[in-house]
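A, B, ... follow the sequence lines: proteins, then strands. Residue 1 opens every chain. Worth knowing before you read on, the calculation uses all heavy atoms, side chains too, and leaves out hydrogens, waters and symmetry mates.
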Amino acid sequence: MSALDFLELTIEPIDINSVARRVVPPECGATVTLDGYVRQFTKGRETLHLFYEAYEPMALKEMEKLIKAAKEQFEVSNIGIVHRLGKLEIGETSVVISVTSPHRKAAFAACEWLIRELKRSVPIWKKEVYADGEVWVEGET
Amino acid sequence: MSALDFLELTIEPIDINSVARRVVPPECGATVTLDGYVRQFTKGRETLHLFYEAYEPMALKEMEKLIKAAKEQFEVSNIGIVHRLGKLEIGETSVVISVTSPHRKAAFAACEWLIRELKRSVPIWKKEVYADGEVWVEGET
Amino acid sequence: MPIHVLFFGATSTVTGKRQIDVDITDGKRAREIFDQLIAEYPLLAVHRLLFSVNQQYATGKEIIRDGDELAIFTAVSGG
Amino acid sequence: MPIHVLFFGATSTVTGKRQIDVDITDGKRAREIFDQLIAEYPLLAVHRLLFSVNQQYATGKEIIRDGDELAIFTAVSGG
């Protein structure tokens, strides 16, 4: 973890701009950012809102592992990951992953790898709330 | 070009968040955003600020061509491209490209393709201003 | 000796609990404790479960000590 | 007949002009006009140049008509 890497869980709205900017070192020129947000429709069913819950201390440890692993595998400078928790309205940002690197290609590859691994390993769960009920979404493992 | 695609040249500061959000359709859940910004050091030389100039009507046409080509090649929903012009201070955003797609993979691939092609074909030029002079940067073609 | 077992999301809904404290004999393996809880809350078995010991993914072979923190949860769905 | 030739960035610095209006005979190909301007401003030839006619990248074979907008510029460096 470098001084510009960071990982956070927050119940406050996430500003993508500020995440993307926090990872910027003076010698880099490009940041790749993935942001996920609350979909209005999933498989044709309308979601009213979402609720995210985390096993917080373990989630932070797993996020830190991902950052370390990404920095070993890809030539990237800095990585920021912020995941929102609690109730989210449609269109709100649930997760932002920003990666800076001297060469764009590595930032794209690392960002894509990070979101895939985050969805596999970081203990956070999403509950979809519909007009007629609610469901805890289970991942693919 | 769909209703949510857009392309802009602006002399105002760019807010990444608002670019990323404008391309979001109700059925998508992820956006990939590339942002480029003014580097403080290029090959060890300190840049004081940058100046971007465009052949504006042609730049807009070329950006529109890129969006159309990307939407033919990749399964993406919407694309937004905003490029800043005029004087930019260190750290300011020069370009933002945001791509939404039903599947993340296509958004990553399209975003990476778009920034590469933009740097090849869109008639915009960057002047780097140093303490001891200034240079119009020439691309690789 | 007391240990703590945490539930999240679907496993919390199924058990009706966020946390239970279990009294076990020293030296048990994690797998035995998880199996015992699944027997106690059979609806857990409906789900694809993941397990952790002290905030690390568990294989089940871990030997559980006084005060350890275990958790049972479903495949994660963040992002 | 008058046509317009635009310069940007380095080509504007080299020629000292943003735009010049050239009077040509009808039916000339773009290549001839570009070559004539490079002869007039030899410092242009130092650069790797790109050309456009009516805001499209040009091959040089385009037949130039009254009022057409041509441009000469260096390899682009946006992004």
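A heavy-atom distance below 4.5 Å is not found between the side chains of A/Lys126 and A/Val38. Side-chain contact between A/Tyr55 and A/Pro57 is present, with heavy atoms from C-beta onward closer than 4.5 Å.
A side-chain donor-acceptor contact under 3.5 Å links B/Ser94 to the backbone of B/Gly36. Between the side chain of A/Thr100 and the main chain of A/Asn78, a donor-acceptor pair closer than 3.5 Å is present.
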Passes side-chain contact (heavy atoms from CB on, under 4.5 Å), B/Val122 versus B/His83? Steps please. CA-CA 10 Å; B/Val122 177; B/His83 202 297; over 6 Å; no

Criterion side-chain contact (heavy atoms from CB on, under 4.5 Å) on A/His49 and A/Glu92, from CA distance to verdict: CA-CA 10 Å; A/His49 64 262; A/Glu92 285 199 291; over 6 Å; no

After noting the C-alpha distance and the side-chain angles of A/Tyr37 and A/Leu88, does the key distance pass the side-chain contact (heavy atoms from CB on, under 4.5 Å) rule? CA-CA 9 Å; A/Tyr37 42 85; A/Leu88 275 76; over 6 Å; no

Given A/Ile90 and A/Thr47, is the side-chain contact (heavy atoms from CB on, under 4.5 Å) satisfied, shown in steps? CA-CA 8 Å; A/Ile90 299 298; A/Thr47 305; 4.3 Å; yes

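Looking only at heavy-atom pairs under 4.5 Å with chain B, the residue among A/Ala20, A/Cys111, A/Ala109 that has the most is A/Cys111. Ranked by non-hydrogen atom pairs under 4.5 Å with chain B, the options A/Thr31, A/Thr33, A/Val99 are led by A/Thr31. Across A/Asp35, A/Ile16, A/Ile14, A/Ile97, the residue that shares the most heavy-atom pairs under 4.5 angstrom with chain B is A/Asp35.
Within residues 62-75 of chain A, no residue has any heavy atom closer than 4.5 Å to a heavy atom of chain B.
Heavy atoms of B/Ser18 lying under 4.5 Å from chain A are absent altogether.
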